2 protein chains.
Amino acid sequence: MAIRQGLDSETVLLAAIEIADQQGIELVTLAALAAKLNVKTPSLYNHIKGLPDLRKLMSQRSLQHIREAMVEAVLGKSGEDALLAAGFAYVNFVRKQPGLYDAMAALPDLEDPQVKEASTQVVMFILRLLEPYHLSEEDALHVVRGFRSIVHGFASLEMKNGFRMNLERDESLRRLLTTYLRGMAKG
Amino acid sequence: MAIRQGLDSETVLLAAIEIADQQGIELVTLAALAAKLNVKTPSLYNHIKGLPDLRKLMSQRSLQHIREAMVEAVLGKSGEDALLAAGFAYVNFVRKQPGLYDAMAALPDLEDPQVKEASTQVVMFILRLLEPYHLSEEDALHVVRGFRSIVHGFASLEMKNGFRMNLERDESLRRLLTTYLRGMAKG
DNA sequence: TGACTAAACTAATGTCATTAGTTATTATAC
DNA sequence: GTATAATAACTAATGACATTAGTTTAGTCA
């Protein structure tokens with residue numbers, strides 16, 4: 001017995017993400033995770049500190065992925081095009097990995113240092129996209145809040161089946177973003 | 001023993017809401033609820049079907065309160081003023097009852113019939129506010145999605161301490177809403 | 001080879017939700 | 001007013017889960 005599984009925290013994290021995306025964040029239990037990894041529950045504590053710690057790792061990873069997806073999406077774009085592409089990249093990430101994103105949304109608060117850092121990276125990325133607008137620092141920060149509210153709000157409502165009308169979702173998102181950006185430009 | 005407490009589902013619901021707002025939704029357990037109501041846990045099942053049922057009741061109630069708050073806020077207002085007031089009423093409700101709102105955000109999905117109905121009431125209310133704009137039905141529905149995304153996104157990010165910069169939050173919200181509305185008007 | 005490190009394990013505890021079955025209180029019917 | 005029915009509380013039991021303590025054993029390295 002006790003054959004080593006070669007586990008490490010990354011493997012545990014990836015398995016947790018897989019369960020989250022396939023079955024929902026509430027089914028990410030240490031029991032389910034251990035079963036998936038052919039190990040007993042307490043063995044997981046060699047790699048993660050516990051369930052709350054795992055949730056934090058997932059949130060952090062989620063924010064990293066979102067940033068990466070947005071970075072990739074804006075390559076070769078600037079101004080309004082870039083912001084639109086970044087917004088879609090954000091929402092498309094949530095569509096592809098709803099459980100992982102939900103781990104972040106389910107976090108009681110985002111005060112954990114590492115989560116904070118990943119979140120700061122997202123904010124700084126959006127600030128970069130706003131440079132062509134030559135806003136004051138304060139103005140830019142308000143816009144970042146606006147942009148984040150829009151994409152997070154849209155993505156989470158969509159994820160929870162909050163949009164029930166028979167209406168193109170991408171079109172809703174496109175209009176939401178372009179309307180906001182138009183308001184910015186014509187402000 | 002077994003003195004009757006005069007419990008009913010409303011009392012249970014109100015106690016759950018109180019725990020949620022004071023201590024957070026994750027501490028709304030049947031055990032905590034029973035203790036608060038001077039009753040043993042199984043007794044709660046005479047009034048609610050179980051924890052998932054309670055969560056649904058909370059979500060439904062949350063949506064009702066949000067609608068009421070918005071209705072109250074727009075009295076005597078119309079057009080952009082009304083939409084701005086409604087947006088602030090939404091966010092201020094979440095500020096006042098974060099745990100109750102979180103119960104809704106924590107629901108796996110919003111497919112439950114009664115939650116759906118309460119949600120439809122909110123959508124219909126926003127549609128009424130859009131009447132002065134004389135939009136097509138499709139256009140109006142896209143705007144409703146936009147408005148909901150904005151207020152939900154802002155409120156939930158704020159609730160989870162997602163806004164960490166030292167920057168007026170009401171001002172962020174005001175700008176977010178007016179920028180969007182300006183984009184609509186100048187579309 | 002021998003000693004150390006660490007990854008797995010077993011065992012135990014405590015919290016929680018839920019169900020089944022029981023008791024006792026309140027309301028209703030007569 | 002008393003008998004009966006409905007129901008709100010209870011006790012007891014089960015099963016899922018997270019977590020901690022202590023143990024074994026598999027790799028690693030001197």
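What you see is a predicted model, and the numbers here were worked out from it, not measured in a lab. Residue numbers start from 1 in every chain, and the chains themselves are labelled A, B, ... in the order their sequence lines are given, proteins ahead of strands.
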*Asks:* Think A:His47 has a side-chain N or O under 4.0 angstrom from the OP1 or OP2 of C:dA6?
*Replies:* no
*Asks:* Within the 4.5 Å heavy-atom criterion, are B:Leu141 and B:Leu127 side-chain neighbours or not?
*Replies:* yes
*Asks:* How long is the line joining CD of A:Glu26 and P of D:dC17, in whole Å?
*Replies:* 13 Å
*Asks:* Expressed as a whole number of angstroms, how long is the span from A:Leu37:CG to C:dC9:P?
*Replies:* 11 Å
*Asks:* Does the side chain of B:Arg175 reach to within under 4.5 Å of the side chain of A:Val143, using non-hydrogen atoms?
*Replies:* no
*Asks:* Among residues 7-18 of chain B, which residues get a heavy atom nearer than 4.0 Å to DNA chain D?
*Replies:* B:Leu7
*Asks:* Of the options C:dA8, D:dA18, D:dA9, whose atoms approach the side-chain atoms of A:Ala31 most closely?
*Replies:* D:dA18
*Asks:* Starting at CG of A:Leu44 and ending at C1' of C:dC9, how long is that distance when rounded to a whole Å?
*Replies:* 12 Å
*Asks:* Can you tell me whether the side chain of B:Asn46 and the base of D:dA9 have a donor-acceptor pair closer than 3.5 Å?
*Replies:* yes
*Asks:* Separation of B:Ile48 atom CD1 from D:dA9 atom C1', in whole Å?
*Replies:* 15 Å
*Asks:* NZ of B:Lys116 to CG of B:Asp109: how many Å apart, nearest 0.5 Å?
*Replies:* 9.0 Å
*Asks:* Under 4.0 Å between a side-chain N or O of B:Ser43 and OP1 or OP2 of D:dA8?
*Replies:* no
*Asks:* Could you pull out every donor-acceptor pair under 3.5 Å between side chains of residues 10-29 of chain A and any protein atom, sequence neighbours left out?
*Replies:*
{"unit_1": "A:Glu10", "atom_1": "OE1", "unit_2": "A:Arg61", "atom_2": "NH2", "d": "3.0"}
{"unit_1": "A:Glu10", "atom_1": "OE2", "unit_2": "A:Arg61", "atom_2": "NH1", "d": "2.9"}
{"unit_1": "A:Thr11", "atom_1": "OG1", "unit_2": "A:Asp8", "atom_2": "OD1", "d": "2.6"}
{"unit_1": "A:Glu18", "atom_1": "OE2", "unit_2": "A:Lys36", "atom_2": "NZ", "d": "3.2"}
{"unit_1": "A:Asp21", "atom_1": "OD1", "unit_2": "A:Gly99", "atom_2": "N", "d": "2.9"}
{"unit_1": "A:Asp21", "atom_1": "OD1", "unit_2": "A:Leu100", "atom_2": "N", "d": "2.9"}
{"unit_1": "A:Asp21", "atom_1": "OD2", "unit_2": "A:Gln97", "atom_2": "NE2", "d": "2.6"}
{"unit_1": "A:Thr29", "atom_1": "OG1", "unit_2": "A:Ala32", "atom_2": "N", "d": "2.9"}

*Asks:* Side chain of A:Lys40, heavy atoms from C-beta onward: which of C:dA8, C:dC9, C:dT18 has the nearest atom to it?
*Replies:* C:dC9
*Asks:* How many whole angstroms separate atom CZ of A:Arg55 from atom C1' of D:dA18?
*Replies:* 12 Å
*Asks:* For the residue pair B:Tyr101 and B:Phe93, does the interplanar ring angle fall in the parallel (under 30°), tilted (30 to 60°) or perpendicular (over 60°) class?
*Replies:* perpendicular
*Asks:* B:Leu30 side chain: which of C:dA17, D:dC10, D:dA18 is closest?
*Replies:* C:dA17
*Asks:* Check the distance between D:dC17's P and A:Ile19's CD1 and give it to me in whole angstrom.
*Replies:* 11 Å
*Asks:* Base, sugar-phosphate, or nothing for B:Thr29, non-hydrogen atoms under 4.0 angstrom?
*Replies:* sugar-phosphate
*Asks:* Tell me whether the side-chain N/O atoms of A:Tyr45 come closer than 4.0 Å to OP1 or OP2 in D:dA18.
*Replies:* no
*Asks:* Starting from the C-alpha separation in whole Å, work towards a yes-or-no answer on salt bridge (charged side-chain N to carboxylate O under 4.0 Å, His left out) for B:Arg95 and B:Asp170.
*Replies:* CA-CA 12 Å; B:Arg95 287 167 172 167; B:Asp170 273 358; 2.7 Å; yes
*Asks:* With distance as the sole criterion, is a donor-acceptor pair present between the side chains of A:Gln64 and A:Glu68 under 3.5 Å?
*Replies:* no
